[in-house]
Every structure is written in C-alpha cells, then in structure tokens.
J.: 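So that we are looking at the same thing, I have put the structure below in structure tokens.
Just so it is clear: chains get the letters A, B, ... in the order the sequence lines come, proteins before strands, and each one is counted from 1. Atoms considered below: every heavy atom in the structure, side chains included; atoms not considered: hydrogens, waters and symmetry mates.
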Amino acid sequence: MGEDRVEWIIFVVLGTWLILSALGTVFVKSPIHVILFFLSTLLAMAAIFLVLGAELLAGIQLIIYAVAIVVFYVLVITTIPWEKIKRFEGIYKSELMVASPILFILFLLMSYMVVKGEFAQPVGLVKDNVKDLGKELFTSYLFPFEVASVILLVAMIGAILLGRKEE
Amino acid sequence: MDIMKAYIILSIALFLIGFLGVIVRKNLITILVSTELMLNGINLALVAADKVLGRVDGQIFAFFVLTVAAAEVAVGLGLVISIFRLKGYEASHEISQLRD
C-alpha cells in the first residue's frame with residue numbers, strides 16, 4: 001500500500017507539471033516563452049519516462065528533444081524580426097470557443113473508454129531496459145532502423161533546399 | 001484505478017492539448033511546437049503500454065516517432081522560413097495559397 005501511494009504521489013506531481021507546461025505552451029503569447037514552456041514539458045516527459053522504466057528513451061528525449069530540437073526552434077526564432085511578428089502573436093478567440101468544449105468532450109469520452117477497458121495480459125518481463133531494447137532494435141527492427149537513416153537524409157536535403165535563398 | 005490507466009489518460013490529455021494548440025495558435029512556429037506536443041503524447045502512450053505488457057517494442061516505436069519528429073522539425077521550419085521570405089510575415093489565416 002505504501003509503495004502504491006508513493007507511485008501516485010509521483011504521478012500527480014509529474015502529471016501536474018506536464019499538463020501545466022503544456023497549457024502554457026499553447027496559451028502563452030510570446031514565442032520565446034512558448035519555447036521555454038515546451039522545454040519544461042520535455043523535462044517532465046523525461047522524468048515520466050524514467051518513472052516508467054524507459055531509461056534509454058529518457059536520455060534520448062533529453063538529448064534529441066531538449067537539446068537539438070529546442071535549439072533549432074530558438075535559432076529560427078532569432079532570425080525573425082520581432083517588430084514584424086508582434087501583429088500575429090496570440091490565439092484565435094472564436095476558434096478557442098468552438099474547439100475547447102468539443103475537445104473536452106472528446107477527452108471525457110476517451111478517458112471513459114480507458115477507465116472502463118481492460119489491459120492485455122503481460123507477456124514478458126524487462127530486466128535490463130537498455131540491453132533488451134538494443135537487442136530488439138538490431139535484430140527484429142533492423143530494416144526500419146536503416147530506413148530511419150534514409151528519412152533523416154531526405155529531411156536534411158529537403159531542409160537545405162527549402163531554406164536556401166533564391167538566386 | 002490502475003495507475004497505468006492514469007498514465008494513458010495523461011497521454012490523451014497531452015495529445016488533445018497539442019491539437020488545441022494547432023487549432024488556435026496564430027504563429028506558424030508555435031503551431032509546429034504544438035505538433036511536437038502531440039507527438040510527445042503518443043510517445044507517453046507507447047511507453048505506458050510497454051510498461052503494462054513488459055515488452056520493449058513500444059519504446060522502439062517511440063524511437064521512430066522521435067526520428068520523424070526531428071525530420072518534421074527540419075522540413076517544417078524550412079517551410080516556415082521560406083513562407084516568411086516569400087510572402088512577408090503573416091499569420092496562419094492569411095496564408096491561403098501556396099504559390100506567389
């Protein structure tokens with residue numbers, strides 16, 4: 001019972017942190033503050049991954065998301081002149097009025113399904129997360145792993161093509 | 001209630017918050033950030049399912065989601081920059097055509 005309660009306390013703390021930062025990401029006005037709230041969301045996600053026993057994924061979340069992607073966003077934001085984007089900061093009010101009740105009802109429906117549903121039976125036991133993950137990734141999922149490198153190469157070429165100046 | 005169901009519900013909430021951000025934000029860059037929130041919600045659901053089942057397949061899928069997220073950020077921000085360069089600095093409702 002005691003261990004269970006500790007799990008719930010950790011869940012409530014991390015979940016509140018995650019949801020508050022996600023709401024901040026959506027509703028805060030300035031793009032720099034949006035990026036900071038997004039960084040806070042990513043840190044909360046990494047902590048939740050650690051709690052759920054996905055250590056390798058937590059580290060990769062920190063390295064790829066919290067370093068590479070966030071720095072990419074900040075670099076792009078610094079190239080944009082501030083006085084010109086003041087005009088379209090913020091959110092659409094009428095769309096918010098229409099969308100938020102619909103999405104809330106959708107959330108209630110999906111949560112009801114999850115609460116009423118049953119989980120599948122466990123089929124295995126992960127002893128060493130990183131070892132099992134690496135073994136599975138380089139045996140069963142070797143071909144998708146190689147294809148992922150092609151996806152990254154294509155994305156790199158596309159970004160260079162899109163980002164260069166027209167002659 | 002099982003705590004893993006609470007994690008699944010948390011991932012649904014994160015996904016829908018990101019979806020709301022895609023709908024309501026005016027700035028193109030913050031729309032991209034909201035899609036990242038949606039991808040994070042999916043990752044959380046995959047990892048929670050892994051914890052329930054005692055497997056690692058869901059985490060491998062989460063790796064591929066991360067790969068797609070990195071590719072999406074590179075191409076998406078390239079598109080945003082080229083839209084800004086082509087048409088000036090406009091809100092998302094003013095961009096209604098792809099050509100000049």
J.: Taking every heavy-atom pair that is under 4.5 Å apart, which of A:Ser149, A:Gly158, A:Ala148 has the most such pairs with chain B?
T.: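 The option with the most such pairs is A:Ala148.
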
J.: What residue in B:Ile8, B:Asp2, B:Leu16 has the most heavy-atom pairs under 4.5 Å with chain A?
T.: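 Going by pairs under 4.5 Å, I would pick B:Leu16.
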
J.: Is there side-chain contact between B:Glu36 and A:Tyr65, with at least one heavy-atom pair below 4.5 Å?
T.: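 The answer is yes, as the side chains (C-beta and beyond) meet within the 4.5 Å cut-off.
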
J.: What distance separates A:Thr41 OG1 from B:Leu14 CG, expressed to the nearest 0.5 Å?
T.: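 Reported value, rounded in 0.5 Å steps: 7.5 Å.
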
J.: Taking all non-hydrogen atoms of both residues, which atom of A:Ala54 and which atom of B:Val47 are closest, and how far apart?
T.: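 The pair with the smallest heavy-atom distance is CB-CG1, 3.9 Å.
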
J.: What part of B:Tyr7 is in contact with chain A, defined as an atom under 4.5 angstrom from a non-hydrogen atom: side chain, backbone, both or neither?
T.: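 It is both, since atoms from each part get that close.
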
J.: List the atom of B:Asn40, the atom of A:Met45, and the distance in Å for their closest heavy-atom pair.
T.: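 What the structure gives for the nearest pair is O-CE, 3.2 Å.
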
J.: Between A:Phe104, A:Phe145, A:Phe27, A:Phe107, which has the largest tally of heavy atom pairs under 4.5 Å with chain B?
T.: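 So the answer, after comparing A:Phe104, A:Phe145, A:Phe27, A:Phe107, is A:Phe107.
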
J.: When hydrophobic residues are tied together by side-chain contacts of less than 4.5 Å, even through go-betweens, does A:Val150 share a cluster with A:Met156?
T.: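 A:Val150 does not cluster with A:Met156.
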
J.: Does any heavy atom of chain B fall under 4.5 Å from the side chain of A:Met110, the backbone, both, or neither of them?
T.: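 Both backbone and side chain.
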
J.: Is the shortest side-chain heavy-atom distance between B:Val52 and A:Pro122 below 4.5 Å?
T.: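 No, every pair of side-chain atoms sits at 4.5 Å or beyond.
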
J.: Name the member of B:Leu44, B:Val75, B:Ile23, B:Leu79 that forms the most heavy-atom pairs with chain A at distances under 4.5 Å.
T.: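 Greatest number of close heavy-atom pairs with chain A: B:Leu44.
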
J.: Which atoms of A:Ile35 come close to chain B, meaning under 4.5 Å heavy atom to heavy atom: side chain ones, backbone ones, both, or neither?
T.: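 Answer is side chain: those atoms of A:Ile35 sit under 4.5 Å from chain B.
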
J.: Please give me the minimum heavy-atom distance between B:Ala13 and A:Ile19, naming the atom from each residue.
T.: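 In this case the closest contact between B:Ala13 and A:Ile19 is CB-CD1, 3.9 Å.
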
J.: Between CG of A:Leu103 and CZ of B:Phe19, what distance do you get to the nearest 0.5 Å?
T.: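 Those atoms lie 6.0 Å apart.
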
J.: Would a 4.5 Å heavy-atom cut-off, applied to side chains only, mark B:Val33 and A:Phe37 as touching?
T.: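 Of all side-chain heavy-atom pairs linking A:Phe37 with B:Val33, none is under 4.5 Å.
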
J.: Between A:Val130 and chain B, with a heavy-atom cut-off of 4.5 Å, which part of the residue counts as in contact: side chain, backbone, both or neither?
T.: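 Neither the backbone nor the side chain of A:Val130 comes within 4.5 Å of chain B.
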
J.: If you group Ile, Leu, Val, Met, Phe, Trp and Tyr by side-chain heavy-atom gaps below 4.5 Å, do B:Met4 and A:Val115 land in one group?
T.: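 Yes, B:Met4 connects to A:Val115 through the hydrophobic network.
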
J.: Among A:Pro144, A:Ser100, A:Ala68, single out the residue with the greatest number of heavy-atom pairs under 4.5 Å to chain B.
T.: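 Sorted descending by pairs with chain B, the first entry is A:Pro144.
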
J.: If you compare all heavy atoms of A:Lys29 against all heavy atoms of B:Arg25, which two are closest, and at what distance to 0.1 Å?
T.: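 Here A:Lys29 and B:Arg25 meet closest at O-NH2, 3.4 Å.
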
J.: Heavy-atom cut-off 4.5 Å, strictly under: side chain, backbone, both or neither for B:Leu32 against chain A?
T.: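 It is both, since atoms from each part get that close.
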
J.: Any side-chain heavy-atom pair from B:Leu53 and A:Gln121 closer than 4.5 angstrom?
T.: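 No, every pair of side-chain atoms sits at 4.5 Å or beyond.
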
J.: Identify which of A:Val147, A:Leu125, A:Ile69 forms the greatest number of heavy-atom pairs closer than 4.5 Å to chain B.
T.: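 Top option by heavy-atom pairs under 4.5 Å: A:Ile69.
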
J.: For the interface with chain B, which of A:Ile60, A:Leu42, A:Ile77 has the highest count of heavy-atom pairs at distances below 4.5 Å?
T.: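 That would be A:Ile60.
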
J.: Against chain B, label A:Phe38 side chain, backbone, both or neither, depending on which of its atoms sit under 4.5 Å from a heavy atom there.
T.: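 When you check distances to chain B, only side chain atoms of A:Phe38 fall under 4.5 Å.
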
J.: If you take all heavy atoms of B:Ala74 and A:Ala159, which pair is closest and at what distance?
T.: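 Minimum heavy-atom separation between B:Ala74 and A:Ala159: O-CB, 3.7 Å.
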
J.: Which one wins on heavy-atom pair count under 4.5 Å against chain A: B:Val22, B:Ile81, B:Thr67, B:Ile17?
T.: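 Most pairs with chain A among the choices: B:Ile17.
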
J.: Considering only heavy atoms from C-beta outward, does the side chain of B:Gln59 approach that of A:Phe49 to under 4.5 Å?
T.: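 They are not in contact (no side-chain heavy atoms under 4.5 Å apart), so the answer is no.
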
J.: Same cluster or not: are A:Val13 and A:Leu18 linked, directly or through other Ile, Leu, Val, Met, Phe, Trp or Tyr residues, by side-chain heavy atoms under 4.5 angstrom apart?
T.: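 Unlinked, A:Val13 and A:Leu18 end up in two clusters.
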
J.: Using distance alone, with no hydrogens and no angle criterion, decide if B:Asn43 and A:Gln61 have a side-chain donor and acceptor under 3.5 Å apart.
T.: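 Their side chains do not contain a donor-acceptor pair, so the 3.5 Å distance test is not met.
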
J.: Can you tell me which of B:Ile3, B:Thr30, B:Val73, B:Ile12 forms the most heavy-atom pairs within a distance under 4.5 Å of chain A?
T.: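 Top count of heavy-atom pairs under 4.5 Å with chain A: B:Ile3.
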
J.: Would you mind reporting whether B:Lys26 and A:Ile91 have side-chain heavy atoms less than 4.5 Å apart?
T.: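 Contact flag for A:Ile91/B:Lys26 side chains = no.
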
J.: To the nearest 0.5 Å, tell me how far B:Glu72 CD sits from A:Ile151 CD1.
T.: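 Rounded to the nearest 0.5 Å, the CD-CD1 separation comes to 12.5 Å.
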
J.: I'd like to check B:Leu37 versus A:Val26 (side-chain heavy atoms, cut-off strictly below 4.5 Å). Are they in contact?
T.: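 The answer is yes; the side chains approach within 4.5 Å.
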
J.: Is A:Leu133 reachable from A:Val51 through a run of hydrophobic residues whose side-chain heavy atoms are each under 4.5 Å from the next?
T.: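 Yes; tracing contacts between hydrophobic side chains, which count when under 4.5 Å, links both residues.
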
J.: Stepwise, does the side-chain contact (heavy atoms from CB on, under 4.5 Å) test hold for A:Ile48 with B:Leu10?
T.: CA-CA 11 Å; A:Ile48 287 176; B:Leu10 187 66; 3.9 Å; yes

J.: Where on A:Phe119 is there a heavy atom nearer than 4.5 Å to chain B: the side chain, the backbone, both, or neither?
T.: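 Only the side chain of A:Phe119 comes within 4.5 Å of chain B.
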
J.: Classify the angle between the aromatic ring planes of B:Phe64 and A:Tyr141 as parallel (below 30°), tilted (30 to 60°) or perpendicular (above 60°).
T.: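 Tilted: the ring planes of B:Phe64 and A:Tyr141 meet at 30° to 60°.
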
J.: At what distance, to the nearest 0.5 angstrom, does CD1 of B:Ile29 lie from CD1 of A:Ile32?
T.: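 One gets 9.5 Å once the value is rounded to the nearest 0.5 Å.
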
J.: Nearest 0.5 Å, please: how far is CG in B:Leu66 from CD1 in A:Ile63?
T.: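 If I round to the nearest 0.5 Å, the distance is 11.0 Å.
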
J.: Mind checking whether B:Leu77 and A:Leu162 have side chains closer than 4.5 Å, heavy atoms only?
T.: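 Contact flag for B:Leu77/A:Leu162 side chains = no.
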
J.: With hydrophobic residues grouped by side-chain heavy-atom distances under 4.5 Å, do A:Leu75 and A:Tyr73 end up in a single group?
T.: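 No; tracing contacts between hydrophobic side chains, which count when under 4.5 Å, never links both residues.
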
J.: Shorter than 4.5 Å, heavy atoms on both sides: which option in A:Gly53, A:Ser111, A:Ser94 has the most such pairs with chain B?
T.: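 Ranked by heavy-atom pairs under 4.5 Å with chain B, first place is A:Ser111.
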
